[in-house]
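Below: one structure, written as structure tokens.
Atoms considered below: every heavy atom in the structure, side chains included; atoms not considered: hydrogens, waters and symmetry mates. Whatever order the structure lists ligands and atoms in, that order sets their numbers, starting from 1.
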Amino acid sequence: MSRFLDIGVASLVPYVPGEQPKDAGYIKLNTNESPYPPSPSVIAAVKAESEKLRLYSDPETSDLTAAIAEFYGVGQKNVIAGNGSDEILAFIFKAFFGEKGAACPDVSYGFYPVFCSLFGIKYNPVPLDENFMIDASAYADVTDNVVIANPNAQTGIYLPLDKVEEIARSRPDRLVVVDEAYVDFGGETAVPLTKKYNNLIVVQTFSKSRQLAGGRVGFAVADESLINDIKTVKYSFNPYNVGRLGIAAGCAAMKDREYFDACRSKIIATRGRVAYELAKLGFTVLPSKANFLLIRHGDVGGEEMYRALKQRGVLVRHLKDERIKDFVRVTIGTDDEMDVFLKKTAEILGELK
Ligand code: PMP
């Protein structure tokens with residue numbers, strides 16, 4: 001720490017992203033990326049756009065918001081795009097949460113409390129129930145704004161849409177942000193509900209189901225007045241927040257519905273098979289509608305499992321949160337990758353005997 005560091009920043013505990021090893025030898029199942037490449041139309045669009053990199057990108061990201069609006073059947077004025085959904089979430093926390101505080105599931109995306117400390121927002125963790133499910137009724141008396149990930153981060157468990165609606169409807173005077181980073185792997189989006197509830201914001205990303213984690217593209221859909229408020233933060237921070245390559249990639253990915261459907265179907269099928277095999281090996285597997293599984297085995301701790309797999313060339317994620325420290329989180333890769341993961345896992349369990 002330098003002697004110049006702002007005292008408010010010195011006390012921050014920043015978010016720790018999953019490892020991104022330079023060594024390509026690992027089977028990488030630790031940061032919920034897609035194991036499949038971007039669609040060929042995305043690669044062509046990025047190549048064509050790269051000739052225009054001399055020029056700033058469109059600050060309104062019009063082509064991208066138009067493609068998103070068309071896909072979801074909402075108005076273009078109901079959409080804002082960002083440099084990954086992390087940036088969109090940051091804009092939202094900054095725009096709306098100062099006086100309200102943020103109520104979030106106690107096990108969820110680790111960035112929510114980090115945004116709270118960055119922006120001086122009160123963080124109010126609301127416990128998941130004993131089955132790691134979000135209890136919608138627990139939010140009925142909460143006056144803070146609400147942020148939930150659905151499916152929830154780390155657990156992968158999906159909260160049915162009528163419960164999301166219940167949270168939005170119960171208190172129109174607070175905002176409800178639904179972070180749908182993983183919704184395309186078996187959940188149903190709350191985007192249509194944004195037409196009915198002007199206190200609801202849905203956030204999504206291109207990082208998981210549209211194979212663009214490195215492209216850094218995310219977006220939010222909400223009532224126009226909320227989108228305009230988010231834009232006030234964006235234009236006070238970084239007007240050209242999405243680069244030309246991100247816009248081009250995002251547009252092409254949104255338009256290639258066939259490729260999107262093919263990739264997510266493969267991941268859903270692989271997830272089902274791997275969950276079944278893991279249960280046979282004696283794992284507790286939380287019921288996931290995301291592109292990852294949170295798993296626990298009575299014979300081996302979470303950290304131990306993570307290390308043993310890493311030693312064998314498979315990277316998974318171990319999260320230190322108290323309630324899930326006995327688990328590891330495993331991203332769904334290709335079938336071949338998952339076969340190696342299953343084989344190494346069985347090997348590790350075998351060695352314990
Ligand atoms: N929300 C959740 C629940 C996530 O797991 C992630 C990925 N780490 C994000 C948002 C951020 O995704 P990105 O910034 O890549 O769009």
Side-chain angles (χ1 to χ4, degrees), residues 14-20 28-35 38 61 64 68 79-94 102 104-116 118 125 128 132 134 146-159 164 176-187 189-190 201-221 230 234 237-238 241-243 245-247 249-250 253-254 267 286 288-294 315-319 321 324 327-332:
Y15 178 73
V16 182
E19 297 157 87
Q20 297 290 352
K28 196 169 177 304
L29 309 177
N30 67 331
T31 48
N32 298 341
E33 292 137 328
S34 174
T61 65
L64 180 56
I68 296 165
V79 184
I80 181 171
N83 195 284
S85 55
D86 280 340
E87 186 190 59
I88 288 287
L89 287 164
F91 290 166
I92 291 170
F93 274 83
K94 177 70 186 164
C104 315
D106 62 342
V107 178
S108 193
Y109 185 32
F111 227 131
Y112 306 148
V114 175
F115 287 137
C116 286
L118 177 63
L128 297 178
F132 294 97
I134 292 175
V146 173
V147 185
I148 56 170
N150 195 32
N152 197 11
Q154 323 317 352
T155 68
I157 297 175
Y158 173 71
L159 181 70
V164 174
V176 175
V177 179
V178 185
D179 177 352
E180 294 188 336
Y182 302 105
V183 79
D184 296 324
F185 302 105
T189 180
I201 305 179
V202 174
V203 176
Q204 285 202 13
T205 178
F206 283 68
S207 296
K208 319 291 177 183
S209 57
R210 297 179 197 273
Q211 20 288 326
L212 282 180
R216 309 305 303 126
V217 190
F219 63 95
V221 182
I230 301 168
K234 163 189 150 130
F237 179 71
N238 187 9
N241 62 332
V242 191
L245 302 184
I247 293 173
M254 228 354 134
I267 288 165
L286 297 196
S288 170
K289 288 239 191 280
N291 67 339
F292 59 84
L293 293 170
L294 192 68
L315 267 188
V316 298
R317 190 92 191 258
H318 174 248
L319 295 140
D321 312 39
I324 54 168
F327 289 78
V328 289
R329 194 193 68 191
V330 185
T331 303
I332 302 300

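- For the ring pair (Phe, Tyr, Trp, His ring centres under 6.0 Å) test, no residue two or more places apart in sequence or in another chain qualifies with F185.
- The salt bridge (Lys or Arg N to Asp or Glu O under 4.0 Å) search around D106 returns R323, not counting sequence neighbours.
- A distance limit of 4.0 angstrom between heavy atoms and ligand 1 selects the residues G84, S85, D86, Y109, A153, D179, A181, Y182, T205, S207, K208, R216.
- Residue K289 qualifies as open at atom NZ: its count of foreign heavy atoms under 6.0 Å is 12 or below.
- When the salt bridge (Lys or Arg N to Asp or Glu O under 4.0 Å) test is applied to K94, no partner is found at least two apart in sequence or on another chain.
- In this structure, F93 and F115 have tilted ring planes: the angle between them lies in the 30° to 60° band.
- A side-chain N or O of T31 and one of K28 form a donor-acceptor pair less than 3.5 Å apart.
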